[in-house]
**Student:** 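One structure coming up, written as structure tokens, with questions to follow.
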Amino acid sequence: MSDAVDAIIGQWAKERPDVVEDLWPVELFGRIQRLARVVDKSAKATAAAHGVEHGEFDVLTTLQRSGPPYALTAGSFLKASMVTSGAITNRIDKMEAKGLVERVREGGDRRTIKIRLTEHGHEVTRAAFADHLANYARLLADVDRDLVEKTAEGLRQVLETLGDTTVK
């Protein structure tokens with residue numbers, strides 16, 4: 001059996017036989033990149049079915065999984081998403097206009113603003129997340145569960161080795 005990455009490696013081997021021994025990382029990273037594109041396209045469609053962009057879905061689920069009071073500072077999102085403050089502000093503005101989140105000032109420090117899920121935001125998140133999980137299951141329906149688990153474990157080890165061990 002052969003896939004697109006095998007074809008790419010074969011092309012490089014033919015074009016540049018001198019780098020054949022250096023192509024081994026492409027076996028993993030090329031497949032991760034291609035898989036990410038397939039999953040991303042499908043996840044974007046699932047989010048769109050709920051009237052949100054994929055980035056908005058990420059914000060909603062980040063707030064939901066943070067637990068009560070379902071609120072985080074914009075800085076928390078910056079650390080987690082690695083986007084610019086302008087991009088986060090723009091995203092939150094759009095989400096606020098949709099009634100998904102609200103900006104709130106909490107406690108004695110009036111300078112600290114948190115982004116909090118609204119009730120409508122909770123509803124959209126619950127429905128979208130259920131569909132998101134169903135979508136993932138559909139994508140993997142024809143893949144052996146044991147293979148998925150072994151692959152996940154292998155990727156966990158690679159990520160740990162690269163230092164990616166915590167959610168920021």
Side-chain angles (χ1 to χ4, degrees), residues 4 28-143 145 147-168:
L28 178 67
F29 294 134
R31 287 183 174 93
I32 289 170
Q33 290 171 336
R34 293 182 70 84
L35 179 61
R37 282 198 297 269
V38 168
V39 173
D40 190 54
K41 181 180 177 183
S42 187
K44 284 178 179 177
T46 300
H50 292 275
V52 295
E53 296 174 9
H54 191 243
E56 294 172 338
F57 176 74
D58 286 342
V59 170
L60 292 172
T61 56
T62 299
L63 286 169
Q64 183 76 60
R65 74 173 188 258
S66 73
Y70 309 106
L72 295 169
T73 64
S76 299
F77 288 114
L78 286 174
K79 291 177 188 171
S81 63
M82 294 180 3
V83 298
T84 65
S85 59
I88 272 291
T89 299
N90 196 21
R91 183 174 294 161
I92 298 304
D93 287 345
K94 288 180 183 178
M95 294 177 72
E96 198 169 29
K98 292 179 182 180
L100 298 167
V101 299
E102 60 187 348
R103 288 179 172 93
V104 293
R105 296 184 191 275
E106 291 187 354
D109 185 359
R110 303 284 298 160
R111 295 172 296 170
T112 301
I113 298 173
K114 290 190 173 183
I115 293 90
R116 181 172 59 198
L117 272 179
T118 62
E119 188 52 42
H120 176 60
H122 278 288
E123 291 168 8
V124 169
T125 305
R126 282 190 284 274
F129 190 63
D131 286 351
H132 177 72
L133 293 177
N135 180 51
Y136 274 8
R138 180 188 58 75
L139 288 171
L140 292 174
D142 295 331
V143 182
R145 180 82 176 257
L147 175 60
V148 171
E149 290 172 3
K150 287 178 181 173
T151 303
E153 178 55 33
L155 290 171
R156 177 186 297 111
Q157 291 176 25
V158 170
L159 287 168
E160 286 173 351
T161 300
L162 296 175
D164 186 26
T165 57
T166 60
V167 176
K168 295 180 172 126

**Student:** Look up atom CD1 in I92 and atom CE in M95, then write down how far apart they are to the nearest 0.5 Å.
**Tutor:**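 The CD1 atom of I92 sits 5.5 Å away from the CE atom of M95.
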**Student:** May I have the step-by-step check of side chain to side chain contact (heavy atoms under 4.5 Å, CB included) for I113 and V104, ending in yes or no?
**Tutor:** CA-CA 6 Å; I113 298 173; V104 293; over 6 Å; no
**Student:** Say whether T46 and D131, considering side chains only, have a donor N or O and an acceptor N or O under 3.5 Å apart.
**Tutor:**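 Not at all, the side chains of T46 and D131 share no donor-acceptor pair under 3.5 Å.
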**Student:** When the ring planes of H54 and F57 are compared, do they come out parallel, tilted or perpendicular, using 30° and 60° as the limits?
**Tutor:**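 Ring orientation, 0 to 90° scale: parallel.
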**Student:** Determine whether more than 12 heavy atoms belonging to other residues, nucleotides or ligands lie under 6.0 Å from atom NZ of K98.
**Tutor:** yes
**Student:** For a salt bridge (Lys or Arg N to Asp or Glu O under 4.0 Å) check, start with the C-alpha distance between E149 and R156, then their side-chain angles and the critical distance, and finish with the verdict.
**Tutor:** CA-CA 10 Å; E149 290 172 3; R156 177 186 297 111; over 6 Å; no
**Student:** Evaluate L72 against L63 for side chain to side chain contact (heavy atoms under 4.5 Å, CB included), listing each step before the verdict.
**Tutor:** CA-CA 7 Å; L72 295 169; L63 286 169; 4.1 Å; yes
**Student:** Minimum heavy-atom separation for H50 and V124, please, with both atom names.
**Tutor:** O-CG1, 4.1 Å
**Student:** Between E56 and K44, is there a side-chain N and carboxylate O pair less than 4.0 Å apart?
**Tutor:**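 Looking at E56 and K44, the cut-off is not met.
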**Student:** Going by an N to O cut-off under 4.0 Å, is there a salt bridge joining D93 and R103?
**Tutor:**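 Counted as a salt bridge, because a side-chain N and a carboxylate O are separated by less than 4.0 Å.
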**Student:** Tell me, do P69 and K114 make a side-chain contact under 4.5 Å, heavy atoms counted?
**Tutor:**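 SC-SC contact between P69 and K114 ruled out.
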**Student:** How close do D58 and T62 get, counting heavy atoms only, and between which atoms?
**Tutor:**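 Nearest heavy atoms, D58 then T62: O-OG1, 2.7 Å.
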**Student:** Minimum heavy-atom separation for T73 to I115, with atom names?
**Tutor:** C-CD1, 4.1 Å
**Student:** Please identify each residue that fulfils ring-ring contact (aromatic ring centres under 6.0 Å, His included) with H122, with sequence neighbours left out.
**Tutor:**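 Applying ring-ring contact (aromatic ring centres under 6.0 Å, His included) to H122 gives Y70.
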**Student:** Let me see the working for D164 and V158 under side chain to side chain contact (heavy atoms under 4.5 Å, CB included), right down to the final yes or no.
**Tutor:** CA-CA 9 Å; D164 186 26; V158 170; over 6 Å; no
**Student:** Side chain to side chain contact (heavy atoms under 4.5 Å, CB included) for R116 and V101? Distances and angles first, verdict last.
**Tutor:** CA-CA 5 Å; R116 181 172 59 198; V101 299; over 6 Å; no
**Student:** Taking the side chain as everything from C-beta on, heavy atoms only, tell me whether R105 gets closer than 4.5 Å to T112.
**Tutor:**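 Side-chain contact under 4.5 Å: no.
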**Student:** Let me confirm one number: the CZ-CD1 distance from F29 to I32, rounded to the nearest 0.5 Å.
**Tutor:** 6.0 Å
**Student:** Minimum heavy-atom separation for E102 and T118, please, with both atom names.
**Tutor:**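 In terms of heavy atoms, the two residues are closest at N-CG2, 4.0 Å.
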**Student:** What closest approach, in Å, do N135 and A43 show between heavy atoms, and which atom pair accounts for it?
**Tutor:** ND2-N, 3.9 Å
**Student:** Looking at every non-hydrogen atom in both residues, tell me the closest pair between L60 and V52 and how far apart they are.
**Tutor:** CD1-CG1, 4.1 Å
